[in-house]
Amino acid sequence: MGKYLIGIDVGTTGTKAMILDKKGQIYGKGYGEYPCNYPSPNWVEQDVDLLVEETFKACKQAVTSSGLDPKEIEAVGFSCQRATFTLVDNNNQAIDNIFYGWQDNRGAEILEEAMALVDPDTFFRSTGMPMAPTFTFIKLLWLIKKRPELYEKAKYVAMMPEYIQYCFGADDFYCEVTNACTSGYLNPNTMDWADNIIDAFGFDKTKFPKLVKPGDIVGKVTPTTAEKTGLAVGTLLVAGSGDQQCAAIGAGVIEDGYASLTLGTAGLLVVGTKNLVLEDVPGVMATSSASLGLYNLEGIQLGAASSYRWARDELAEIEVAFGKKTGLDPYEVMDYHIQKSPVGSKGIVFMPFLTGSGYPYWNPEAKGIFAGLTFAHSKSDMIRSVMEGIALESKDMYETMKKSGLLLKQLAITGGATKSAAWRQIIADMFGVPIRKLEIPDATIVGAAVIAGVGAGWFNNVTEGVNSMVRYLETIEPVPENVKKYNDIYDIYKNLYSALNDNCIYSQFAKLK
């Protein structure tokens, strides 16, 4: 048995690779970068060949930087962008060299047609996905309607992991079932294709690759791939999971009530649950965890830490200039303001919908608002209120999920925003549960490596792998009086949203130029 695993995370703008041992110690890293292409409004595509080439490059960098004998690397685990796919021809090549990205919204123009074929409630109960342009089904339906010759030519509709695995040496295309949860045509309760949805949309099920489970071995590195990646011939290729499921595994979400909160460009709250009753959680994204038998309830906030970056750019010009002069990160300087302002920002409530709202409202017209301003408020209060407002949106997702009976036991945090000690405490107080900071923030890669370890026989299951490879730096306990204050502020936040939305204020804003 080899001593090391490699996790590969094929992200939206780049691929990261990392070599780890059984205890989660890092031995090598690599990175490859590629752009998104925007050939028409609402279209987001990627160059398949370039993405694969850069993924090979990231892998080779990780192997080279480690200084290890490649033969000691036992297995490769994959994490990939979800809902992204390509059409594959009879020669197993990507037709037109295009990945249709998860951000691609071309399907929005036929969404009403899709809703006429399947009503949104039936769709959600059958797939666990809201009926939105993000997911694979609507882009595929668009291709069938607008480019039928491409669909007819396709041997497979291959989601990104299937194609990447094949390029690494898999003997065929295999669809990893938990990643396929975001296709919009797989049922998370049965872990099989949602035949009623497939039939309603007229999809040809023979074009979907064979389903496999996370941890299944799908092939071995070939001599050709070994040259490109630096891996040894015969290294095991293990089906991983979708990027967010891998991130949850890498953050230790392996039990009912365990959760992870990622605050980056967007925000994502993932809560593990043993019982999936879709009727209880409308609007959420419900996926299977890579730890089979556990489900993930996923809520997304569209702005998240991007709202705080806006605050940096528009409210903290002096702090940015000071940071450039002294070499300090401007966000560290902004933490000074957070400490100057008390819990609750002296009564300012910030609504963080600078790019609309995600779950639970899914309201593209929602707008950002500072509410409660008086002459007594300072810039420090405004900056703190932005940080608190982002955490209020996170809390709102959890409070909505709680209606299904779900309760948090622990929350691990990832993403750039969590570097701030002030923000970590705000999150702990907002949720009222202990917050755990990860030793390795790249939770997605760690999750992929854990699943690779299961496939290689290192671990009997994902839970065993997490207990071995995932470690935490610190635990932040909530402060009871702060928890109470944030619960009161949360009530104001909810009432504000309802008042603005119910009275069509957001719609009126949308009409202003």
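Everything numeric here is computed off the predicted structure, so don't read it as measured data.
Ring-plane geometry between Tyr308 and Trp423 is classed as perpendicular, the angle between the planes exceeding 60 degrees on a 0 to 90 degree scale with a lower cut at 30. Aromatic ring pairs are classed by plane angle as parallel below 30°, tilted from 30° to 60° and perpendicular above 60°; the pair Phe350 and Trp310 is parallel.
Across Ser380 and Ser341, no two heavy atoms sit closer than the pair O-CB, 3.8 Å. Across all their heavy atoms, Ala62 and Ile6 have their closest contact at CB-CD1, 4.2 Å. Minimum heavy-atom separation, Asn105 to Thr134: OD1-N, 4.2 Å.
Other residues, nucleotides and ligands place no more than 12 heavy atoms under 6.0 Å from the NZ atom of Lys484. Sparse packing is recorded around CD1 of Ile318, with 12 or fewer heavy atoms of other residues, nucleotides or ligands lying under 6.0 Å away. In this structure, Lys29 places its NZ atom where only 12 or fewer heavy-atom neighbours from other residues, nucleotides or ligands lie under 6.0 Å away.
Figure legend: Lys395 and Tyr490 shown as a cation-pi pair, the cationic atom lying under 6.0 angstrom from the six-membered ring centre and within 45 degrees of its axis.
Side-chain atoms of Asn187 come within 3.5 Å of backbone atoms of Asn189 as a donor-acceptor pair (strictly under, hydrogens ignored). Under the 3.5 Å distance criterion, the side-chain polar atoms of Asn461 are matched with a main-chain donor or acceptor of Thr463.
Here CD1 of Ile451 is found 8.0 Å from OG of Ser79. Values are rounded to the nearest 0.5 Å.
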